[in-house]
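Down below is the structure, laid out as structure tokens.
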2 protein chains.
Amino acid sequence: MPVPPRPVTIPSLDLLQLRRTCRACALHDLCLPASIGPEELGALDAIVRARRPLDRGQVLFAGGTRFQALYVVRSGSFKTTLAANNGEEQVLGFHLPGEVIGFDALADDVHRCNAEALERSSVCEVPFAQIDEFATRVPGLYHQLMRIASREVVRDHEHLAMMGRKQAQERLAVFLRNLSERYRALHRAPDLIELSMSRHELANYLGLVVETASRLFTRFEEAGVLSVNRKQIRILDFARLDDFAGEPPPSCERAAG
Amino acid sequence: MPVPPRPVTIPSLDLLQLRRTCRACALHDLCLPASIGPEELGALDAIVRARRPLDRGQVLFAGGTRFQALYVVRSGSFKTTLAANNGEEQVLGFHLPGEVIGFDALADDVHRCNAEALERSSVCEVPFAQIDEFATRVPGLYHQLMRIASREVVRDHEHLAMMGRKQAQERLAVFLRNLSERYRALHRAPDLIELSMSRHELANYLGLVVETASRLFTRFEEAGVLSVNRKQIRILDFARLDDFAGEPPPSCERAAG
DNA sequence: CGTGTCGTTGAGGTCGCTCAACACCAGTGG
DNA sequence: CCACTGGTGTTGAGCGACCTCAACGACACG
């Protein structure tokens, strides 16, 4: 094909990525900048660094390595995993754009889990030493950091409740509904889910084996709740999905509590 | 007995409790004061309030209520639980002296879990608005707060890995070894464990039913690993307990990672 | 001594795991 | 073009760990 060689195009694409600011970011109000003034935003831009995109399978950080920065998912998705000493691995979470990962490393300045890209993904790197120093001068930033850390705790608690008390079918239903809600928060179609993780990773997250997860997808499809095509999931019947989940949707939670 | 009536004794005992300072506290270096200077300790004492002791079953805070303070266990023990909408409850953790509870409420200023005393217990109440204001003037205090929140995340991740990938027997073994380590950190005998929670609460924490937990205690006793007398547990063979736990003790963890 | 709670033990059922085979797809090389 | 290969996902058969249901013992309390 008569296309001239373009040796500069790909790096310049990266530079474009690198130049994006917090102010212009679509994730503006989900991320760190939420609740800090517009004049501090510029200073935040000077701290936050965009890293070059990671491909599927590339690790953002590994357990045991020294903690230096928090990361905010900008595009794509990640999984965090905890390795047991017997070689087994537990998937702790899947992370979509706007979510911050790395909080578990603050305890003793060492990453305790692994973070790995599930697809081609980009992150903002937030060097902790600098954000720490910056936060002493910006009232509210520390509070916001702790709020975000607290969200992680809440998320883990819900994950724990799911693992401890729910059956396989309920777990998958809860997961899909949860993912759908997160899609909605990102202004994506909540009924059209593109799974970025493999069945194995998904099953592991749910505390199941692949075969069980696979059978559940089939069962949901036969029940007319989902339409499943490999990693393309479409939710056809939210009400019945809630039934499968075994409890009312989270919107009722406040009222019931 | 010729002892004069003492109507003031019990309240004065409470006052004694109330008067104890962070400086004099035995939990000094496990708690908030760790890593802040001695002169700020006095100011911290002015913020921290001791609450009157709670009896078994009394709730420290309930899910859905407004977040006002973090709590540090001073004596006794607590459980935190998350209620599902179907009436089920998941035990999220057991909390010994020196541990801080309530971090999950920072996300949106509402407690998301319940905290309940497992025995007669006392706590220090740390009003968050005041510690928040104080922390802006004391460098390092916020950092310490985040470190403690991060420890909670690490703890939950380990709990998750246990629930997701381990069998019943391994779960109980891991739990007992973990409890033993925490006893050691509190300078208690690590082989002599006094369980403050019921079998039901323990089983729930492990994602099992009471009967299974009970059978496991019997099995461990028959194997000569434990001596079990209701809530009095003595660990007779740490090495075998580690075998049952299915992986090397946490002291090897750093090296393996 | 009756009552209630808690913990233990037994019998039986079942959900999810194990093991195994197969379908599907992409990439590779003849 | 097709065979071959490896990775991923689905399906089936059988089994076992854990749950369910039920009864009983130990202990505290009135």
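In this text, all values refer to a predicted model and were calculated from it rather than measured experimentally. Lettering follows sequence order; numbering is per chain, from 1.
Taking CZ of B:Phe103 as the reference point, atom OG1 of B:Thr80 lies at 13.0 Å (rounded to 0.5 Å). The line from OG of B:Ser196 to CG of B:Leu202 is 10.0 Å long, rounded to the nearest 0.5 Å.
C:dT9 atom C1' lies 11 Å from atom CD of B:Glu222, rounded to whole Å. Rounded to whole angstrom, the span from the CE atom of A:Met163 across to the C1' atom of C:dG16 amounts to 14 Å. Distance, B:Asn229 CG to C:dT8 P: 10 Å, rounded to whole Å. If you measure from atom CD of B:Glu88 to atom P of D:dC19, you get 12 Å, rounded to the nearest angstrom.
Contact between the side-chain N/O atoms of A:Lys231 and the OP1/OP2 oxygens of D:dG9 is found at a separation under 4.0 Å. For C:dT8, one of the phosphate oxygens OP1 or OP2 lies less than 4.0 angstrom from a side-chain nitrogen or oxygen of B:Arg199. Distances shorter than 4.0 Å separate none of the side-chain N or O atoms of B:Ser198 from OP1 or OP2 on C:dT5.
Closest contact between the side chain of B:Arg230 and the listed nucleotides C:dC17, D:dC19, C:dG7 involves C:dG7. When distances are taken from the side chain of A:Thr218 to each of D:dT20, D:dT11, C:dC17, the shortest belongs to D:dT11. Checking C:dG16, D:dT11, D:dC19 against the side-chain heavy atoms of B:Leu208 singles out D:dC19 as nearest.
Among the heavy atoms of the strands lying under 4.0 Å from B:Ser214 is at least one base atom, whether or not backbone atoms are also near.
Side-chain to base pairing of B:Gln167 with C:dC17: no donor and acceptor N or O lie closer than 3.5 Å to each other. Between the base of D:dG12 and the side chain of A:Arg215 there is a donor-acceptor pair shorter than 3.5 Å. On a pure distance criterion of 3.5 Å, a polar donor-acceptor pair joins the side chain of A:Glu211 and the base of C:dC19.
When each of A:Arg112, A:His159, A:Glu152 is tested with B:His157 by the rule side chain to side chain donor-acceptor pair (under 3.5 Å), just one qualifies, namely A:Glu152.
Checking B:Glu194 against B:Gln232 by side-chain atom types alone, a donor-acceptor pair falls below 3.5 Å.
Classification of the B:Phe94-B:Phe175 ring pair by plane angle, with boundaries at 30° and 60°, yields perpendicular.
Nearest-nucleotide positions on DNA chain D place A:His200 closer to the 5' end than the other of B:Gln169 and A:His200.
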